Amino acid sequence: RRHPPYNTKSNKTRLLRTPGGRLTSLVVKKKAKGPACGDCGKRIIGVPALRPQEYRRLKKRERRVNRAYGGSRCAKCVRTRVMRAFLIEEQKCVKQVLAEKSGAAKEPAEKKKKGK
C-alpha cells in the first residue's frame, strides 16, 4: 500500500488486468496542466504538459520554445510586446522631429523681433 486508503487527489487508483489474467490496482499519476502564458493565461503550444518533477528530466530545448520569451509567453503576446516596443520608439522619434521643427520655426521669428 502506498498512501492512506482515502480517495484523495494524490491517491487515485484504477484496475489493471495483468497478462496472467489477475486484476491489480494501478496508482494513477496526477494529470498535468502544462505551462501557461504569463500575460493571457493560455497554454503554451510546443511545450509538453508534465508534472514539475518531470520537466527536470527534459533537455532545455524541450522545456521551451525557440523564440524570445520562449517557455514563458505565447507567440501572440510576444508579437504584441515587440509591436508595442517598436511603436513607442517610433513615437519618440516623431516627437523629436516635431520638436526640432518647432524649434527651427521659432528662431526666425525671434530674429525678426530683435531687428526692430
Side-chain angles (χ1 to χ4, degrees):
R1 240 173 41 183
R2 245 173 61 128
H3 289 297
Y6 303 112
N7 190 22
T8 59
K9 281 196 294 184
S10 61
N11 199 26
K12 297 285 185 193
T13 59
R14 71 178 178 90
L15 287 177
L16 177 75
R17 189 176 295 279
T18 61
R22 290 190 311 152
L23 284 176
T24 61
S25 72
L26 176 76
V27 178
V28 180
K29 290 183 179 177
K30 284 186 182 181
K31 288 208 42 138
K33 273 187 155 184
C37 174
D39 291 345
C40 64
K42 292 180 181 172
R43 299 278 156 230
I44 294 175
I45 297 170
V47 181
L50 302 173
R51 297 297 294 171
Q53 195 73 15
E54 292 169 331
Y55 278 117
R56 292 174 60 188
R57 289 186 223 129
L58 293 182
K59 297 180 179 125
K60 189 173 181 182
R61 66 177 180 78
E62 293 169 342
R63 279 182 295 207
R64 60 199 303 276
V65 184
N66 193 10
R67 170 178 67 234
Y69 297 101
S72 155
R73 303 285 185 266
C74 68
K76 189 177 178 185
C77 291
V78 172
R79 196 178 301 129
T80 54
R81 276 179 181 230
V82 171
M83 190 84 75
R84 188 183 302 129
F86 173 74
L87 290 173
I88 288 170
E89 288 298 315
E90 283 293 306
Q91 189 68 29
K92 286 178 186 174
C93 293
V94 168
K95 274 187 181 178
Q96 189 177 357
V97 168
L98 288 175
E100 287 174 3
K101 276 188 180 178
S102 65
K106 283 182 181 177
E107 285 178 13
E110 288 175 6
K111 286 181 181 178
K112 286 180 184 177
K113 285 181 182 178
K114 284 185 180 180
K116 288 184 178 177

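All values derive from a computational prediction rather than experimental measurement.
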Query - Within-4.5 Å side-chain heavy-atom neighbours: N7 and K12 - result: yes
**Report entry** Spacing of CG belonging to L50 relative to NZ belonging to K33, to within rounding of 0.5 Å
**Finding:** 15.5 Å
**Report entry** R63 CZ to R56 CZ distance, which is reported to the nearest 0.5 Å
**Finding:** 10.0 Å
Requested in this report: Could you grab the distance from atom CZ of R67 to atom OG of S72, nearest 0.5 Å is fine?
Outcome: 10.0 Å
Report summary line: Between the CG atom in L26 and the CZ atom in R17, the distance rounded to the nearest 0.5 Å is 14.0 Å
**Report entry** Residues in side chain to side chain contact (heavy atoms under 4.5 Å, CB included) contact with K42, at least two apart in sequence or another chain
**Finding:** C40
Query - Nearest heavy-atom neighbours spanning C37 and R73 - result: SG-CA, 3.9 Å
Report task. Please say whether more than 12 non-hydrogen atoms of neighbouring residues, nucleotides or ligands are located less than 6.0 Å from NZ in K30. Result -> yes
Report task. Could you tell me which non-hydrogen atom of I44 sits nearest to which non-hydrogen atom of G70, and how far apart they are? Result -> CG2-O, 4.4 Å
Report summary line: Between P35 and Y55, the two heavy atoms sitting closest are CD-OH, 3.0 Å
Query raised in the report: Between G71 and R64, what is the shortest heavy-atom contact and its length?
Result: N-CB, 3.8 Å
Requested in this report: Could you tell me the separation between the NZ atom of K29 and the CD atom of E54, rounded to the nearest 0.5 Å?
Outcome: 5.0 Å
Query raised in the report: Do L16 and V27 share a hydrophobic cluster, counting only Ile, Leu, Val, Met, Phe, Trp and Tyr and linking them when any side-chain heavy atoms are less than 4.5 Å apart?
Result: no
Which donor-acceptor pairs under 3.5 Å do the side chains of residues 74-96 make with protein atoms, sequence neighbours left out?
{"unit_1": "T80", "atom_1": "OG1", "unit_2": "K76", "atom_2": "O", "d": "3.4"}
{"unit_1": "T80", "atom_1": "OG1", "unit_2": "C77", "atom_2": "O", "d": "2.7"}
{"unit_1": "R81", "atom_1": "NE", "unit_2": "D39", "atom_2": "OD2", "d": "3.2"}
{"unit_1": "R81", "atom_1": "NH1", "unit_2": "Y69", "atom_2": "OH", "d": "3.3"}
{"unit_1": "R81", "atom_1": "NH2", "unit_2": "D39", "atom_2": "OD1", "d": "3.4"}
{"unit_1": "R81", "atom_1": "NH2", "unit_2": "D39", "atom_2": "OD2", "d": "3.4"}

Query - Whether R43 side chain and G34 backbone form a donor-acceptor pair below 3.5 Å - result: yes
